[in-house]
Amino acid sequence: MAKDSPKVLITGASRGIGRAIALRLKEKNHEVIGTATSKLGIESLAKEGVIGIELDLNNKKSIETFNKLLVNEHTDISVLINNAGITRDNIVLRMTDDEWMEVMNVHLNGTFKISKIVLKFMLKKRWGRIINITSVSASIGNKGQSNYSAAKSGVEAFSRSLAKEVGSRAITVNSVAPGYIETDMTEGITAEIKKEIINQIPLSRFGRAEEVAELVEFLISEEASYITGQTIHINGGLYM
Ligand code: NAP
């Protein structure tokens with residue numbers, strides 16, 4: 001059984017979905033740590049009462065420094081939201097090794113590394129929640145996103161295996177797979193393409209970051225204790 005409002009770590013909390021989750025959980029009295037890649041991002045989190053820590057998942061040294069800080073100061077974290085994300089879209093024939101690796105580092109390798117750090121704290125407490133933010137792209141594929149959809153699919157498979165490893169300690173591991181959500185990540189989509197996408201979404205709109213945050217809030221609650229190893233889709237019906 002968790003204490004009320006357990007301490008939460010959210011990667012990529014400076015913008016978009018991660019920020020919406022951070023603000024929502026802060027509002028519900030959780031102590032929240034959020035990461036950003038820049039000082040500016042950290043300052044913007046601090047203004048909201050969120051503890052901001054610098055983390056670049058594409059940088060080995062940054063992860064090592066982050067690890068040390070958590071082990072020294074934040075071993076009471078018992079909820080982890082692996083949310084940080086980037087896209088480096090390109091068709092396979094043109095995709096560079098860097099574009100492939102950056103996406104793998106931030107999503108798949110990052111999820112593994114940060115989960116490994118925080119799991120140790122959860123195992124001691126015999127309670128924990130890990131939510132990995134994946135994507136509809138893992139299930140349906142997307143032209144130009146072979147790196148992204150492969151990484152997200154890998155995260156979903158990782159989540160199922162980890163759920164089996166730690167279930168006996170009351171630690172649940174689930175993926176939340178959003179469809180198109182209004183954030184900086186989708187801002188570059190042209191009006192014409194957006195119209196085409198919306199035509200394929202039964203609910204006829206992009207989702208809001210707050211809607212994803214509400215789902216995450218439920219999945220980390222005591223009420224969701226019997227849900228593990230699942231990928232929960234939130235996409236307006238784009239994929240069902
Ligand atoms: P966003 O608005 O672009 O925000 C991305 C977040 O990730 C920022 O906080 C950013 O920090 C952080 N980040 C970027 N590069 C990083 C790195 N190298 N190391 C650590 N953190 C890094 O994106 P979003 O739309 O909220 O996406 C959040 C998650 O949802 C991602 O995993 C994404 O793949 C997934 N998702 C999004 C959508 C969508 O339609 N928006 C759909 C499906 C899945 P800085 O501010 O410091 O750059």
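As the structure lists them, so they are numbered: ligands from 1, and atoms in each ligand from 1. Computed from heavy atoms alone, side chains included, the values below leave out hydrogens, waters and symmetry copies. Quick note: residue numbers are just sequence positions, from 1.
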Legend entry - Heteroatom distance test (Ala36, ligand 1): nitrogen or oxygen, under 3.5 angstrom: no

Inset, instruction - Could you say whether the N/O atoms of Pro178 and ligand 1 ever approach to under 3.5 Å? - result: no

Inset, instruction - May I have the step-by-step check of side chain to side chain contact (heavy atoms under 4.5 Å, CB included) for Leu70 and Leu9, ending in yes or no? - result: CA-CA 10 Å; Leu70 290 198; Leu9 167 64; 3.9 Å; yes

Inset, instruction - Distance to 0.1 Å, residue and atom name: give those for the protein heavy atom nearest to atom 44 (C) of ligand 1. - result: Thr134 O, 3.0 Å

Legend entry - Ionic contact status for Lys26 with Glu48, cut-off 4.0 Å: no

Legend entry - Protein heavy atom at shortest distance from atom 12 (C) of ligand 1: Gly12 CA, 3.7 Å

Inset, instruction - For Ile133 and Ile81, run side chain to side chain contact (heavy atoms under 4.5 Å, CB included): C-alpha distance rounded to whole Å, both residues' side-chain angles, the deciding distance at 0.1 Å, then the answer. - result: CA-CA 7 Å; Ile133 308 297; Ile81 321 291; 4.2 Å; yes

Inset, instruction - Look at ligand 1 and say whether Glu102 reaches it with a heavy atom at a distance under 4.0 Å. - result: no

Inset, instruction - Starting from the C-alpha separation in whole Å, work towards a yes-or-no answer on side chain to side chain donor-acceptor pair (under 3.5 Å) for Glu156 and Ser153. - result: CA-CA 5 Å; Glu156 290 177 1; Ser153 201; 5.2 Å; no

Inset, instruction - Compute whether any side-chain donor of one residue and acceptor of the other, for Ser159 and Ser175, lie under 3.5 angstrom apart. - result: yes

Legend entry - Within-cut-off N or O pair, Gly85 and ligand 1, under 3.5 Å: yes

Legend entry - In one Ile/Leu/Val/Met/Phe/Trp/Tyr side-chain cluster, 4.5 Å: Leu55, Ile10: no

Legend entry - Atoms in ligand 1 flagged as close to Ile181, the criterion being non-hydrogen separation under 4.0 Å: 39 (C), 40 (O), 41 (N)

Inset, instruction - Decide, yes or no, whether a salt bridge links Glu214 with Arg24 under the criterion of side-chain N to carboxylate O below 4.0 Å. - result: yes

Inset, instruction - Go through the side-chain N and O atoms of Asn82 and Ser115 and say whether any donor and acceptor fall under 3.5 Å apart. - result: yes

Legend entry - Heavy-atom side-chain contact between Asp76 and Phe121 under 4.5 Å: no

Inset, instruction - Under 4.0 Å from a heavy atom of His107: give me the atoms of ligand 1 that qualify, with their elements. - result: 32 (O), 34 (O)

Legend entry - Protein contact of atom 28 (C) of ligand 1 - nearest heavy atom, named by residue and atom, plus distance: Asn83 OD1, 3.2 Å

Inset, instruction - Write out the residue and atom name of the closest protein heavy atom to atom 10 (C) of ligand 1, then the distance separating them to 0.1 Å. - result: Arg15 NH2, 3.6 Å

Legend entry - Nearest protein heavy atom with distance in Å, relative to atom 42 (C) of ligand 1: Gly179 O, 2.9 Å

Inset, instruction - List the closest protein heavy-atom neighbour of atom 26 (O) of ligand 1: residue, atom name, distance to the nearest 0.1 Å. - result: Ile17 N, 2.8 Å

Inset, instruction - For ligand 1, find out whether one of its N or O atoms is nearer than 3.5 Å to an N or O atom of Tyr180. - result: no

Inset, instruction - Would you check if Ile201 and Phe206 make a side-chain contact, meaning some heavy-atom pair closer than 4.5 Å? - result: yes

Inset, instruction - Report the part of Tyr148 in contact with ligand 1, treating N, CA, C, O as backbone and CB onward as side chain, heavy atoms under 4.0 Å; options are side chain, backbone, both, neither. - result: side chain

Legend entry - Heteroatom proximity flag, Thr35 to ligand 1, N/O under 3.5 Å: no

Legend entry - Residue part near ligand 1, for Val136, under 4.0 Å between non-hydrogen atoms: neither

Legend entry - N/O separation below 3.5 Å, Ser135 to ligand 1: no

Legend entry - Region of Leu57 engaging ligand 1 - heavy atom pairs below 4.0 Å: both

Inset, instruction - Could you tell me if any non-hydrogen atom of Ala13 lies under 4.0 Å from any atom of ligand 1? - result: yes

Inset, instruction - Run the numbers for me: atoms of ligand 1, each under 4.0 Å from some heavy atom of Gly16, listed by number. - result: 2 (O), 26 (O)

Inset, instruction - Identify, for atom 24 (P) of ligand 1, the protein heavy atom at the shortest distance, and state residue, atom and that distance. - result: Thr183 OG1, 3.6 Å

Legend entry - Salt-bridge contact Glu187-Arg15 (side-chain N to carboxylate O under 4.0 Å): no

Inset, instruction - Return a yes/no value for Ile86: is any of its N or O atoms, backbone included, closer than 3.5 angstrom to an N or O of ligand 1? - result: no

Inset, instruction - Could you tell me which atoms of ligand 1, counted from 1 in the order shown, lie closer than 4.0 angstrom to a heavy atom of Asp56? - result: 17 (C), 18 (N), 19 (N)

Legend entry - Single-linkage hydrophobic cluster, 4.5 Å side-chain cutoff, Tyr148 and Ile17 together: no

Legend entry - Lys152 and ligand 1 - part of the residue with a heavy-atom distance under 4.0 Å: side chain

Legend entry - Subset of ligand 1 atoms that lie under 4.0 Å from at least one heavy atom of Ile133: 29 (C), 30 (O), 32 (O), 35 (C)

Legend entry - Student check: side-chain heavy atoms of Val136 and Lys152 closer than 4.5 Å: no

Legend entry - Nitrogen or oxygen of Thr37 less than 3.5 angstrom from that of ligand 1: yes

Inset, instruction - Give the residue, atom name and distance (to 0.1 Å) of the protein heavy atom nearest atom 11 (O) of ligand 1. - result: Ser14 OG, 3.2 Å

